[in-house]
Protein chains: 2
Amino acid sequence: MTVPGLRERKKQHTRDALLRAALELFTTKGYEETTVDEIVEAVDVSQRTFFRHFAGKQEAAFAVQEMVETRFMRALCERPAGEAPFAALRGAVLGSWDAVGESIEAVVPVELHMRTYRMIESTPSLLAVHLRRSIEMEEQIAGVIAEREGVDLATDPRPRVAVAAFSGVMRVTGRMWGAGEEISVDSIRAITESYLDHLGPALAEDWRKA
Amino acid sequence: MTVPGLRERKKQHTRDALLRAALELFTTKGYEETTVDEIVEAVDVSQRTFFRHFAGKQEAAFAVQEMVETRFMRALCERPAGEAPFAALRGAVLGSWDAVGESIEAVVPVELHMRTYRMIESTPSLLAVHLRRSIEMEEQIAGVIAEREGVDLATDPRPRVAVAAFSGVMRVTGRMWGAGEEISVDSIRAITESYLDHLGPALAEDWRKA
DNA sequence: GAGATTAGAGTCAGTCGCTGACACTTGACA
DNA sequence: TGTCAAGTGTCAGCGACTGACTCTAATCTC
């Protein structure tokens, strides 16, 4: 991967600065209490620039989540074709936990992301969007799983069921991460692992054999 | 119940008019495409009046839902104490279906409410709020069930699990109602009943005996 | 029944999120 | 070196929403 040009780097730099400033303000002052003007003032750019990088205030709040989810989806798509659906999901989530840490840190401190997560869950308007994003992602995952297994998503309920169960665990995991005091990425990884182990047996059977 | 005074009746009248106009515009022009100015112009009141009756555009979109939910919660609380949790939920939802029809019709045509439901599910920003409202209501229901059964919501997962399953059925039912062409209240009642019958056996056991 | 009270509605000015149009600056590239 | 275009700034404006004030008319009190 070649180093992008100066222009591109500058652009990325202002975007990162805006994102950090936004999340910092959101998590300290509160989301609703933070105005876009305050964010751009902290970075010393025009308001118009903010809206060129982010479709809206909300998008800034979910920018890191977006990164994490993208990374997870990529990891899922790269799982070996032979793996059973649940094993693939498990492998993708555990595999991406590691990479996520560094990946986030390159843009914002992980600790800031933790605070952001907590903020999203405690801000009604953001919680609403978060839930919608969740079910949209479940639908995407179900699509991938259905394709992997060669089943028809329209008639076979198993992909959606498996994903719903899996997402439930991920949701709980995420909430625990957000709620906990000072949980390391390692410990959340361990919890995720144990929760998924619990859920596994019910879903691990090979659909093509059964 | 005594007839409210003239002032109160006038107030209710403008509120109802605003609600009808809002839902009519939302469902024909689309939610995002409808401005508050258009709504108040249709009723010929000031914009300020709209915001005195509704906290925002969104609240108008969910006003009828709110009525339905309130009615359901009341019905649930009035179920006989001896009933098993699932029977109580079933009784409350089926019992409230009937009353809901008339109750809605007093404010807006039921057909308009159907269209509104469809609109909510197909408008991203409203879908988000809808999902949040749903989980908030699930939490309320779980609280009622836990109290009825005398179990501790903090330690016993059964109320939430039962409610989650129940709500899943209600969600599907609602979606079918919204998606269907011209479904009567009677037919939706029948579907609800059959779906709940399917789910029942797994939840009907008496928790205090088991 | 006349006057005081007060709830509901109107007016106006202003904030905040967000967008379109246009001009400017400065990397990129021939 | 000069052209092109991407990234940014400026400005004007819309739509959701709020606070402060006024006016009108239903209600309450004597």
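Values reported hereafter were calculated over all heavy atoms of this structure, with side chains retained and with hydrogens, waters and symmetry mates removed. Each chain gets a letter, A, B and so on, in the order its sequence line appears, and its residues count up from 1.
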Between [N] atom [atom2] and [X] atom [atom1], what is the distance in whole Å?
{"X": "Lys57(B)", "N": "dC16(C)", "atom1": "NZ", "atom2": "C1'", "answer": "16 Å"}
{"X": "Gln58(A)", "N": "dA16(D)", "atom1": "CD", "atom2": "C1'", "answer": "14 Å"}
{"X": "Glu38(A)", "N": "dT15(C)", "atom1": "CD", "atom2": "C1'", "answer": "12 Å"}
{"X": "Asp37(A)", "N": "dT10(D)", "atom1": "CG", "atom2": "C1'", "answer": "14 Å"}
{"X": "Glu8(A)", "N": "dC29(C)", "atom1": "CD", "atom2": "P", "answer": "12 Å"}
{"X": "Arg52(B)", "N": "dC21(D)", "atom1": "CZ", "atom2": "C1'", "answer": "11 Å"}
{"X": "Leu25(B)", "N": "dG15(D)", "atom1": "CG", "atom2": "P", "answer": "14 Å"}
{"X": "Glu41(B)", "N": "dG15(D)", "atom1": "CD", "atom2": "C1'", "answer": "15 Å"}

At less than 4.0 Å, is any side-chain N or O atom of [X] found next to OP1 or OP2 of [N]? Yes or no.
{"X": "His53(A)", "N": "dT8(D)", "value": "yes"}
{"X": "Ser46(A)", "N": "dG9(D)", "value": "yes"}
{"X": "Thr14(B)", "N": "dA9(C)", "value": "yes"}

For the base of dG8(C), is there a side-chain donor-acceptor partner from Arg15(B) under 3.5 Å away?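 In this structure, the two groups form no donor-acceptor pair.
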
What I want to check is whether an N or O donor and acceptor connect the side chain of Arg48(A) with the base of dG7(D) at under 3.5 Å.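 In this structure, the two groups form no donor-acceptor pair.
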
Determine, for [X] against [Y], whether the closest basic-nitrogen to carboxylate-oxygen distance falls under 4.0 angstrom.
{"X": "Glu69(B)", "Y": "Arg133(B)", "result": "yes"}
{"X": "Arg115(B)", "Y": "Glu111(B)", "result": "yes"}
{"X": "Lys29(A)", "Y": "Glu33(A)", "result": "no"}

Starting the side chain at C-beta, find the nucleotide from [options] nearest to [X].
{"X": "Val45(B)", "options": "dA16(D), dG10(C), dG9(D)", "result": "dG10(C)"}
{"X": "Arg7(B)", "options": "dG17(C), dG8(C), dT8(D)", "result": "dG8(C)"}
{"X": "Lys11(A)", "options": "dG9(D), dG17(C), dG7(D)", "result": "dG7(D)"}

Want to settle it: does Phe50(A) or Lys10(B) sit nearer the 5' end of DNA chain D, counting the closest nucleotide to each?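 Closer to the 5' end of DNA chain D: Phe50(A).
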
Any donor-acceptor pair under 3.5 Å linking the side-chain atoms of Glu32(B) with those of Thr123(B)?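 Per modelled atom types, Thr123(B) and Glu32(B) side chains form no pair under 3.5 Å.
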
What are the two closest heavy atoms between Arg171(B) and Tyr117(B), and how far apart are they?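 Answer, listing the atom of Arg171(B) first, then Tyr117(B): O-OH, 4.4 Å.
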
